[in-house]
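In what follows, a single structure is set out as structure tokens and then discussed.
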Amino acid sequence: MKSSKLAMAAIVLWVATVAAFGWFFVRGNTAAGTDDRTAIVLAPQERDLILLEMRGLLIATHDILDGINQNNMQQVAQAARTVGMNSAADVNPVLMSKLPLPFKAQGMGVHHSMDDLAIAAESGQTAPELLKMLTGTLSSCVACHSAWQLKVADSSK
Ligand code: HEC
């Protein structure tokens with residue numbers, strides 16, 4: 001029957017689309033890096049957006065350390081919250097599909113642990129305890145930076 005063939009074709013197409021999306025969601029859009037890391041290939045404004053987020057993480061790290069140093073736990077909580085899960089909520093799906101799964105997982109892990117740090121600062125944890133948490137978070141920054149590089153897609157190709 002013609003219609004069942006058409007239905008079959010539609011199903012095959014649907015499966016292929018879902019599989020392709022899944023493949024990208026896991027692998028992202030990557031290429032060999034210029035050093036021994038893997039490059040994630042992005043449009044210029046997507047790279048700018050991620051680097052802006054990165055500078056935000058560095059500012060927050062500074063403000064958290066400054067807060068701990070001055071025993072100002074409100075500052076610690078506030079700084080950590082600016083880079084918590086809320087800050088990652090509005091990332092667009094096209095960009096998300098270009099980021100490999102381990103990259104997304106590590107990025108989300110950092111946002112989560114910043115929220116945990118904010119809660120710890122508000123609930124009276126001691127400075128050494130907060131420093132220990134921040135050190136753990138910084139290990140994720142280090143691990144991610146040693147694995148990935150960001151590259152702008154070559155539009156001349
Ligand atoms: C999920 C992976 C990942 C995590 C986690 C991560 N970074 Fe990054 N960061 C990157 C990548 C990739 C680059 C670009 C590196 C390159 O292209 O050489 C970058 C770049 C940066 C830059 C340079 C920004 C610029 O304008 O050039 C800073 C600063 C930075 N990260 C800070 C941090 C800090 C602080 C943390 C942790 C609190 C952190 N990052 C966590 C992946 C990550």
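Ligands are counted one by one from 1 in listed order, and the atoms in each one are counted from 1 as well.
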key: Any side-chain heavy-atom pair of L49 and E46 under 4.5 Å   = no
request  = Please report which non-hydrogen protein atom sits nearest to atom 17 (O) of ligand 1, along with the residue it belongs to and the distance in Å to one decimal place.
outcome  = L150 N, 2.9 Å
query = Which residue supplies the protein heavy atom nearest to atom 23 (C) of ligand 1, what is that atom called, and how far is it?
reply = L51 CD2, 4.3 Å
request  = Flag yes if more than 12 heavy atoms outside Q70 fall under 6.0 Å of its CD atom; otherwise flag no.
outcome  = yes
task = Answer yes if I11 and V18 sit in the same cluster of Ile, Leu, Val, Met, Phe, Trp and Tyr residues linked by side chain heavy atoms under 4.5 Å apart, and no otherwise.
result = yes
request  = Determine whether I50 and V152 fall in the same hydrophobic cluster, where Ile, Leu, Val, Met, Phe, Trp and Tyr are linked whenever their side-chain heavy atoms lie under 4.5 Å apart.
outcome  = no
query = Distance from T135 atom OG1 to L130 atom CG, nearest 0.5 Å?
reply = 10.5 Å
ask   = What do you reckon, does Q106 have a nitrogen or oxygen under 3.5 Å from a nitrogen or oxygen of ligand 1?
value = no
key: Contacting atoms of ligand 1, where contact means under 4.0 angstrom from a heavy atom of G107   = 1 (C)
key: Proximity flag R37 to ligand 1, non-hydrogen atoms under 4.0 Å   = yes
task = Could you check if a side-chain atom of Q125 sits within less than 4.5 angstrom of a side-chain atom of K132, using non-hydrogen atoms only?
result = no
ask   = Any side-chain heavy atom of C141 within less than 4.5 Å of one from L57?
value = no
Could you tabulate the donor-acceptor pairs under 3.5 Å formed by side-chain atoms of residues 111-121, not counting sequence neighbours?
| from | atom 1 | to | atom 2 | distance (Å) |
| --- | --- | --- | --- | --- |
| H111 | ND1 | V83 | O | 2.7 |
| H111 | NE2 | E53 | OE2 | 2.9 |
| S113 | OG | G109 | O | 3.3 |
| S113 | OG | V110 | O | 3.0 |
| S113 | OG | T137 | OG1 | 3.1 |
| D115 | OD2 | M85 | N | 2.9 |

query = Would you say Q75's side chain and D66's backbone share a donor-acceptor pair under 3.5 angstrom?
reply = no
task = Determine whether the side chain, the backbone, both or neither of K104 has a heavy atom under 4.0 Å from any heavy atom of ligand 1.
result = neither
request  = Could you list the atoms of ligand 1 found under 4.0 angstrom from a heavy atom of W148?
outcome  = 12 (C)
query = Do L95 and L51 belong together in a cluster built from hydrophobic side chains that touch within less than 4.5 Å?
reply = yes
inquiry  = Test of understanding: given a 4.0 Å heavy-atom threshold, classify the contact between V110 and ligand 1 as side chain, backbone, both, or neither.
reply    = side chain
query = Counting only protein atoms, how many N/O/S atoms are less than 2.8 Å away from atom 8 (Fe) of ligand 1?
reply = 2
query = Within the structure, does R55 bring an N/O atom to less than 3.5 angstrom of an N/O atom in ligand 1?
reply = yes
